[in-house]
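Data block below; observations after.
Bear in mind the structure is a predicted one, so any value in this text is a computation, not a measurement. Values below: all heavy atoms of this structure, side chains included; hydrogens, waters and symmetry mates excluded.
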Amino acid sequence: MMAATPLEHRPLGNTGLKLSCVGFGASPLGNVFGVVSESDAIATVRRAFSLGINFFDTSPYYGATLSEKMLGKALKALGVPRNEYIVSTKCGRYKEGFDFSAERVTRSIDESLERLQLDYVDILQCHDIEFGSLDQIVTETIPALLKLKETGKVKFIGITGLPLGIFSYVLDRVPPGTVDVILSYCHYGINDSTLEDLLPYLKSKGVGIISASPLAMGLLTESGPPEWHPAPPELKAACQAAAAYCKEKGKNISKLALQYSLSNKDISTILVGMNSVKQVDENVAAAIELATVGKDEKTLSEIEGILKPVKNQTWPSGIQQS
């Protein structure tokens, strides 16, 4: 089945890159959700690549640099030319805390390249900028990243974070074409699709769009979110009810949620954390089913009905913006 229909690749803004519509989120390789052995990490990345996933996203923050090291080993084990895969890492957020200074982010890329065993990354993103000063991002961090771009260590520059307002704040204050990509998470799924309102603006700026966490950090799963999940209780309860409803109907809420997020072609890739061959297979199968059969409109509209009272309810990103 899988070989017949290749995984769709979509252009990323004005970068010229084409990303697989399902992207490989490598945070689980940093043992963030339980221990992943090196052999499992390598097998998972190998499977993803063999099924057409060409975009791999990590950060020095994930697993306190372990995710980058594991991804580096796994990509090296592929033994394929460097231009066959696209790697994104981040800067500014570390186990020790946040530091968006020019000095720190400049040092950061060298550390990341060493761990990833690469000469360059395709995308370097400022990680969770709402925790820093947005004005520092505009006046200090991004200019430092532009210098890195000149060295060839970084091809494109991005910014990431939870509140959607951070993107327009920065993009309105930097020269056009300075920021190539944004990564938004938890704002394009069944329970929250507020990223949609920002899409025309981002497209007008020529910015590529990556959306992460289509399962809303575990809300849209049968097993439910982790203990620490910051969502309000009524949102958790509604998602739990929706998951139970799907299960009763013999459907899987996670698959439906991923297909919902994949349906919008203005979003270049949906990043999903993966730490097993089985997860890779399920995610790719969901994407191919969507491309060939389409999505289960009936069940989706029923889930949307259950989630309607809590639609677009957000939660705090943790530390308040300075």
Checklist entry - If you measure only the distance, is there a donor-acceptor pair under 3.5 Å linking the side chains of Tyr62 and Lys90? => result yes
Item to check | Donor-acceptor pair between Thr89 and Glu68 side chains, under 3.5 angstrom | outcome: yes
Checklist entry - Would you call Asp192 and Lys311 a salt bridge, using N to O less than 4.0 angstrom? => result no
Checklist entry - Can you list the steps and then say if Ile267 with Leu195 is a side chain to side chain contact (heavy atoms under 4.5 Å, CB included)? => result CA-CA 10 Å; Ile267 297 170; Leu195 177 61; 4.1 Å; yes
Next on the checklist: With a 4.5 Å cut-off on side-chain heavy-atom distances among I, L, V, M, F, W and Y, is there a chain of contacts connecting Ile253 to Ile306?
Outcome noted: no
Item to check | Ion pair Asp296/Lys255, N-O distance below 4.0 Å | outcome: no
Next on the checklist: Please report whether the ring centroid of Tyr188 lies less than 6.0 Å from that of Tyr260.
Outcome noted: yes
Next on the checklist: Strictly distance-based, threshold 3.5 Å: is any side-chain N or O of Gln259 a donor or acceptor partner for the main-chain N or O of Ala286?
Outcome noted: yes
Checklist entry - Got more than 12 heavy atoms from elsewhere within 6.0 Å of CD, Gln117? => result yes
Checklist entry - Does any non-hydrogen side-chain atom of Leu12 lie less than 4.5 Å from one of Lys18? => result no
Checklist entry - Do the side-chain N and O atoms of Asp135 and Tyr169 include a donor-acceptor pair separated by under 3.5 angstrom? => result yes
Checklist entry - Is the shortest distance from a Lys or Arg side-chain nitrogen in Arg104 or Glu111 to a carboxylate oxygen in the other one below 4.0 Å? => result yes
Item to check | Heavy-atom neighbours of Asp119 CG exceed 12 at 6.0 Å | outcome: no
Item to check | Gln125 and Thr160: side chain donor to acceptor below 3.5 Å | outcome: no
Item to check | SB check Arg82 Asp122 (cutoff 4.0 Å) | outcome: yes
Next on the checklist: We want to know whether Ser88 and Asp57 form a side-chain donor-acceptor pair, criterion being a heavy-atom distance below 3.5 angstrom.
Outcome noted: yes
Checklist entry - Does a side chain donor of either Thr58 or Ser67 reach within less than 3.5 Å of an acceptor in the other side chain? => result yes
Checklist entry - Does a salt bridge link Lys249 with Glu302, judged by any charged N lying under 4.0 Å from a carboxylate O? => result no
Checklist entry - Can you find a side-chain donor-acceptor pair between Ser168 and Lys205 that sits under 3.5 Å? => result no
Checklist entry - Going by atom types alone, do Asn54 and Ser20 pair a side-chain donor with an acceptor below 3.5 Å? => result yes
Checklist entry - Which pair of non-hydrogen atoms, one from Thr178 and one from Ile157, has the smallest distance, and what is that distance? => result O-CB, 3.9 Å
Checklist entry - Taking it one step at a time, do Cys186 and Leu162 satisfy side chain to side chain contact (heavy atoms under 4.5 Å, CB included)? => result CA-CA 7 Å; Cys186 293; Leu162 184 66; 4.2 Å; yes
Item to check | Charged N-O contact under 4.0 Å between Lys236 and Glu234 | outcome: no
Next on the checklist: Please tell me whether Lys69 and Thr65 have a donor and an acceptor in their side chains that are separated by less than 3.5 angstrom.
Outcome noted: yes
Next on the checklist: Run the ring-ring contact (aromatic ring centres under 6.0 Å, His included) test on Phe167 and Tyr201 for me, step by step, so that the C-alpha distance in whole Å, both residues' side-chain angles and the decisive distance to 0.1 Å come before the verdict.
Outcome noted: CA-CA 10 Å; Phe167 299 121; Tyr201 166 84; 9.6 Å; no
Checklist entry - Between Glu8 and Lys265, is the closest basic N to carboxylate O distance under 4.0 Å? => result yes
Item to check | Aromatic ring pairing Tyr61/His127, orientation class (parallel under 30°, perpendicular over 60°, tilted between) | outcome: perpendicular
